[in-house]
Asks: 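Structure below; questions to follow.
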Amino acid sequence: MTPSKPLTIVGAGLAGALLATLLARRGWSVDVFEKRPDPRARGYEGGRSINLALAERGLHALRLAGLQDAVMAQAVMMRGRMVHPLGGESQLLRYGRDDSEVIWSVHRGRLNVAMLDAAEAAGARLHFNQRLESVDFDARRARFTNDHDRVRREHDFTVLLGCDGAGSGLRAAMAPLVALGERFEPLGHGYKELEIPPAADGGFRIEGNALHIWPRGGYMCIALPNTERTFTVTLFLPNEGEPSFATLPDVHAARAFFERDFADALPLIPDFDADWTNNPTSGLGTLRLSNWRLDDRAVLLGDAAHAMVPFHGQGMNCAFEDCVALDQHIAGAADFGAAFEAFEAERRPNAEAIQAMALENYVEMRDRVDDADFLLQRALERVLAERHPGRFVPRYSMVSFLRTPYATAFGRGKVQREILVQATRGLSRLDEVDLAAADAAVLARLAPLG
């Protein structure tokens, strides 16, 4: 297709802004409608978003959009997980081999602002305070409402590209016309954000180049660094049971809980009472769809199609990969129907794979990172990766440092986990492992990674 007709994007968050930039740079006329105010004028509304972990998939998309330098100037490197066991010494578990294999902590609000500027600079037209109210798909006309002054406007469209998040208005408008197979699976756990301020000398209060985890079996705290030398702390906790958000009815109960289970973290949060009181408790869940599109008229991507829990740090990276794929399919297909069909065929199996891996990673982070069996398997994983480069590639590396399709990483990861479990069963030290047998299993069960 040649860039001729205007394209309409619903949602000006991270995915919407990136998709607008990519399409506009290709020559398409792009309109973006966003229900919220312009964050560049109003300031970003915080308190409900987890810090974002930027990895290779997201970086690749930012490079294509010409945004890498601007984003990396305000990103903080995270070498690995700094694990804080209850009553024990903290330990850094590296993500990769060295500082060439790291992930980056970025601030959602500042990233969104930079990407909106890029979309506008590329030629996209941004319309804020415009909530999608209804769609007449036969007439290809969308109605938007400004929730502040109640003014309605109608917009004729060629196609609608849904980047409007887990609560997608476009998805709701498509639902009566096409079987989406929508299923939302709540995790049963929620989260609340707190903050560690800078030290008196302006530096980080704890190691700045790490993602900190306080695993407590069934629940946990994490902390991600920011460029201001602060940390965004997030408590993940069941909604019901003991302990749970239900058993913390007020700030006094919450403080007592932290004094018991996160005693080394609490002194780092001097405004704990205010943070706990003012920041909302938010929910978590997985959104699954069996269909992302309505023929040649509309398609969903990012969280609107496959919202996931945040425990692999891949929600944004996956959405960005969606944007790159959709941009390429639109450029290469004969019509929008073919583009949307090819896009979904490529991306839906991969989205389902990373959703599953994100759920697995929550259990790993809260229950296993300080477990002896897990640590032995991690040590062997590094050894086998060195002995079989390109064949035994840790799943985390495939997901975060490479752009191996998520579905491939998920499948190979299962095989590799079986090899590690079998090789370490009943052992406590790495020098007890039969490396010859492990090598043979790798060669027999894993082809070189293409």
Asks: Quick one: sort the Trp214 and His84 rings into parallel, tilted or perpendicular, breaks at 30° and 60°.
Replies: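 It falls in the parallel class, under 30°.
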Asks: Does any non-hydrogen side-chain atom of Pro197 lie less than 4.5 Å from one of Asp271?
Replies: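 A side-chain contact under 4.5 Å is absent here.
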Asks: Determine yes or no for a side-chain-to-main-chain donor-acceptor pair under 3.5 angstrom, with Asp371 supplying the side chain and Asp367 the backbone.
Replies: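 No: the side chain of Asp371 does not pair with the backbone of Asp367.
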Asks: Compare every heavy atom of Ala61 with every heavy atom of Val324, then report the nearest pair and how far apart it is.
Replies: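 Where Val324 meets Ala61 most closely, the heavy atoms are CG2-CB, 3.6 Å.
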Asks: Looking at Asn146, Asp31, Thr8, Asp38, which one forms a side chain to side chain donor-acceptor pair (under 3.5 Å) with His127?
Replies: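 Going through the options one by one, the only one that passes is Asp31.
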Asks: Once you round to the nearest 0.5 Å, how far does CH2 of Trp292 lie from CD of Glu341?
Replies: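 Rounded to the nearest 0.5 Å, the CH2-CD separation comes to 14.0 Å.
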Asks: Evaluate the criterion side chain to side chain contact (heavy atoms under 4.5 Å, CB included) for residue pair Leu180 and Val178; output intermediate values, then yes/no.
Replies: CA-CA 6 Å; Leu180 297 175; Val178 60; 3.7 Å; yes
Asks: Give every donor-acceptor pair under 3.5 Å between a side-chain atom in residues 12-23 and any protein atom, sequence neighbours left out.
Replies:
| residue | atom | partner | partner atom | Å |
| --- | --- | --- | --- | --- |
| Thr21 | OG1 | Ala17 | O | 2.8 |
| Thr21 | OG1 | Ala119 | N | 3.3 |

Asks: Would you call Arg79 and Glu101 a salt bridge, taking side-chain N to carboxylate O under 4.0 Å as the test?
Replies: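 A salt bridge is absent here (no side-chain N lies under 4.0 Å from a carboxylate O).
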Asks: If I compare all heavy atoms of Ser400 with all of Ala55, which pair ends up nearest, and what's the gap?
Replies: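 What the structure gives for the nearest pair is O-CB, 3.3 Å.
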Asks: Output, in order, the C-alpha distance, side-chain angles, deciding distance and verdict of salt bridge (charged side-chain N to carboxylate O under 4.0 Å, His left out) for Arg216 and Asp261.
Replies: CA-CA 8 Å; Arg216 295 298 181 262; Asp261 284 12; 5.8 Å; no
Asks: Would you say the side-chain atoms of Thr247 pair up with the backbone N or O of Ser244, donor to acceptor, closer than 3.5 Å?
Replies: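 Judged by distance alone, yes, a pair lies under 3.5 Å.
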Asks: Is the cationic atom of Arg57 (NZ for Lys, CZ for Arg) positioned less than 6.0 Å from the six-membered ring centroid of Tyr406 and within 45 degrees of its normal?
Replies: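 Flagged: Arg57 positioned over aromatic ring of Tyr406.
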Asks: Are the side chains of Leu126 and Arg40 in contact, using a 4.5 Å heavy-atom criterion?
Replies: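 Heavy-atom side-chain distance check passes, below 4.5 Å.
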Asks: Does this structure show an ion pair linking Glu360 with Arg368, if we count only N-O contacts that are shorter than 4.0 Å?
Replies: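 So Glu360 does not pair with Arg368 through a salt bridge.
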Asks: Please tell me if the side chains of Ile222 and Arg81 come closer than 4.5 Å, counting only heavy atoms from C-beta onward.
Replies: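 Ile222 does not reach Arg81 side chain to side chain.
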Asks: Leu375 and side-chain contact (heavy atoms from CB on, under 4.5 Å): which partner among Val369, Leu93, Asp370?
Replies: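 With Leu375 as partner, Val369, Leu93, Asp370 yield a single side-chain contact (heavy atoms from CB on, under 4.5 Å), made by Leu93.
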Asks: Thinking salt bridges, do Asp156 and Arg141 make one under a 4.0 Å N-O criterion?
Replies: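 A salt bridge links Asp156 with Arg141.
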Asks: Can you measure from CZ (Arg143) to NE2 (His155) and round to the nearest 0.5 angstrom?
Replies: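 With rounding to 0.5 Å, CZ (Arg143) is 14.5 Å from NE2 (His155).
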Asks: His312 versus Val399: any side-chain heavy-atom pair under 4.5 Å?
Replies: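 Sidechains of Val399 and His312: in contact.
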Asks: For the ring pair His189 and Phe236, is the centre-to-centre distance below 6.0 Å?
Replies: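 Here the rings of Phe236 and His189 have centres that are no less than 6.0 Å from each other.
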Asks: Kindly indicate, with the supporting measurements, whether the criterion ring pair (Phe, Tyr, Trp, His ring centres under 6.0 Å) is fulfilled by Phe340 and His329.
Replies: CA-CA 7 Å; Phe340 296 166; His329 284 296; over 10 Å; no
Asks: Measuring centre to centre across the rings, with the benzene-like ring taken for any Trp, is Phe336 within less than 6.0 Å of Trp28?
Replies: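 So the answer is yes for these two rings.
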Asks: Can you establish whether the number of heavy atoms outside Arg260 located under 6.0 Å from its atom CZ is more than 12?
Replies: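 Buried by this count: over 12 neighbours within 6.0 Å.
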Asks: Any side-chain heavy-atom pair from Ile330 and Gln328 closer than 4.5 angstrom?
Replies: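 Side chain of Ile330 against side chain of Gln328, heavy atoms only: no contact under 4.5 Å found.
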Asks: Does any part of the side chain of Phe204, heavy atoms only, come nearer than 4.5 Å to the side chain of Asn209, both counted from C-beta?
Replies: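 A side-chain contact under 4.5 Å is absent here.
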Asks: Tell me whether Glu352 is salt-bridged to Arg348, with the criterion being a basic N under 4.0 Å from an acidic carboxylate O.
Replies: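 A salt bridge is present here (some side-chain N lies under 4.0 Å from a carboxylate O).
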Asks: Report the C-alpha separation of Arg347 and Glu321 in whole Å, then their side-chain angles, then the decisive distance to 0.1 Å, and conclude whether the salt bridge (charged side-chain N to carboxylate O under 4.0 Å, His left out) test is met.
Replies: CA-CA 9 Å; Arg347 294 301 298 162; Glu321 206 169 50; 3.0 Å; yes
Asks: Which heavy-atom pair separates Thr286 from Gln355 by the least distance, and what is that distance?
Replies: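 Smallest heavy-atom distance, with atoms named: CG2-NE2, 3.5 Å.
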Asks: Does Lys35 have more than 12 heavy atoms from other residues, nucleotides or ligands lying within 6.0 Å of its NZ?
Replies: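 For Lys35, atom NZ is not crowded (no more than 12 foreign heavy atoms under 6.0 Å).
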Asks: Go through it in stages, so that I can follow the logic: the residues are Gln130 and Glu34, the test is side chain to side chain contact (heavy atoms under 4.5 Å, CB included), and I'd like the CA-CA distance, side-chain angles, deciding distance and then a yes or no.
Replies: CA-CA 5 Å; Gln130 298 293 311; Glu34 168 58 50; over 6 Å; no
Asks: Look up atom CD1 in Ile9 and atom CG in Leu160, then write down how far apart they are to the nearest 0.5 Å.
Replies: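 CG of Leu160 is found 10.5 Å from CD1 of Ile9.
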Asks: SG of Cys318 to CG of Asn350: how many Å apart, nearest 0.5 Å?
Replies: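 Result: 7.5 Å between the selected atoms.
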Asks: Using a 4.5 Å cut-off on heavy atoms from C-beta on, say whether the side chain of Met357 contacts that of Gln314.
Replies: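 The answer is no, as the side chains (C-beta and beyond) never meet within the 4.5 Å cut-off.
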Asks: Start with the C-alpha gap between Asp147 and Asn129, add the side-chain angles, then the distance that decides, and say whether side chain to side chain contact (heavy atoms under 4.5 Å, CB included) holds.
Replies: CA-CA 7 Å; Asp147 286 328; Asn129 296 306; over 6 Å; no
Asks: Which atoms form the tightest heavy-atom contact between Val30 and Ala24, and what is the distance?
Replies: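 Taking every non-hydrogen atom into account, CG2-N, 4.0 Å.
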Asks: Would you mind checking if Asp327 and Arg26 are paired as a salt bridge, meaning a charged N to carboxylate O distance below 4.0 Å?
Replies: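 Looking at Asp327 together with Arg26, the answer is yes, because their closest N to O distance falls below 4.0 Å.
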Asks: Hey, can you tell me if Tyr362 and Phe311 have their rings parallel, tilted or perpendicular (30° and 60° cut-offs)?
Replies: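 Ring orientation, 0 to 90° scale: parallel.
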Asks: Between Gln416 and Arg395, which heavy-atom pair has the shortest distance, and what is it?
Replies: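 Smallest interatomic distance, heavy atoms only, reads NE2-N, 3.9 Å.
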Asks: If a pair satisfies salt bridge (charged side-chain N to carboxylate O under 4.0 Å, His left out) and one of its residues is in residues 234-258, list it, with sequence neighbours excluded.
Replies: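 For residues 234-258, and leaving out neighbouring residues, the salt bridge (charged side-chain N to carboxylate O under 4.0 Å, His left out) pairs sorted by first residue read Arg255-Asp273.
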Asks: Check Glu56 with Arg63, please: is the shortest side-chain N to carboxylate O separation under 4.0 Å?
Replies: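 Looking at Arg63 and Glu56, the cut-off is met.
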Asks: Between Glu133 and Arg153, does any NZ, NE, NH1 or NH2 come within less than 4.0 Å of an OD or OE carboxylate oxygen?
Replies: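 Salt bridge flag = no for Glu133 with Arg153.
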Asks: Taking atom CG of Leu224 and atom OG of Ser105, what is their separation to the nearest 0.5 Å?
Replies: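 One finds 4.5 Å between CG of Leu224 and OG of Ser105.
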Asks: Once rounded to the nearest 0.5 Å, what's the spacing between atom CZ of Arg152 and atom OG of Ser134?
Replies: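 Here the rounded value is 8.5 Å.
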Asks: Do Asp99 and Arg94 sit within salt-bridge range, that is, some charged N less than 4.0 Å from a carboxylate O?
Replies: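 Yes.
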Asks: For Gly181 and Ser290, work out which heavy atoms get closest and say how close.
Replies: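 That would be CA-OG, 3.3 Å.
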Asks: Check whether Asp335 reaches the backbone of Asp296 with its side chain - one donor and one acceptor, N or O, closer than 3.5 Å.
Replies: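 Such a contact is absent between Asp335 side chain and Asp296 backbone.
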Asks: Can you tell me if Tyr396 and Asn361 form a side-chain donor-acceptor pair at under 3.5 Å?
Replies: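 No, because no side-chain N or O of Tyr396 sits under 3.5 Å from a partner of the opposite role on Asn361.
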Asks: Does the gap between the ring centers of Phe257 and Phe262 come in under 6.0 Å?
Replies: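 Distance test on ring centres: under 6.0 Å, yes.
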Asks: So Val151 and Thr145, do their side chains get closer than 4.5 Å, heavy atoms only?
Replies: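 No, every pair of side-chain atoms sits at 4.5 Å or beyond.
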Asks: Answer yes or no: is there an ion pair linking Asp138 with Arg297, defined by an N-O contact shorter than 4.0 Å?
Replies: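 Salt bridge present between Asp138 and Arg297.
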Asks: Between Trp276 and Phe272, what is the ring plane arrangement, given parallel below 30°, perpendicular above 60°, and tilted in between?
Replies: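 The arrangement is parallel - the two ring planes meet at less than 30°.
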Asks: Test Leu92 against His212 for side chain to side chain contact (heavy atoms under 4.5 Å, CB included), laying out the working first.
Replies: CA-CA 9 Å; Leu92 178 67; His212 294 258; over 6 Å; no
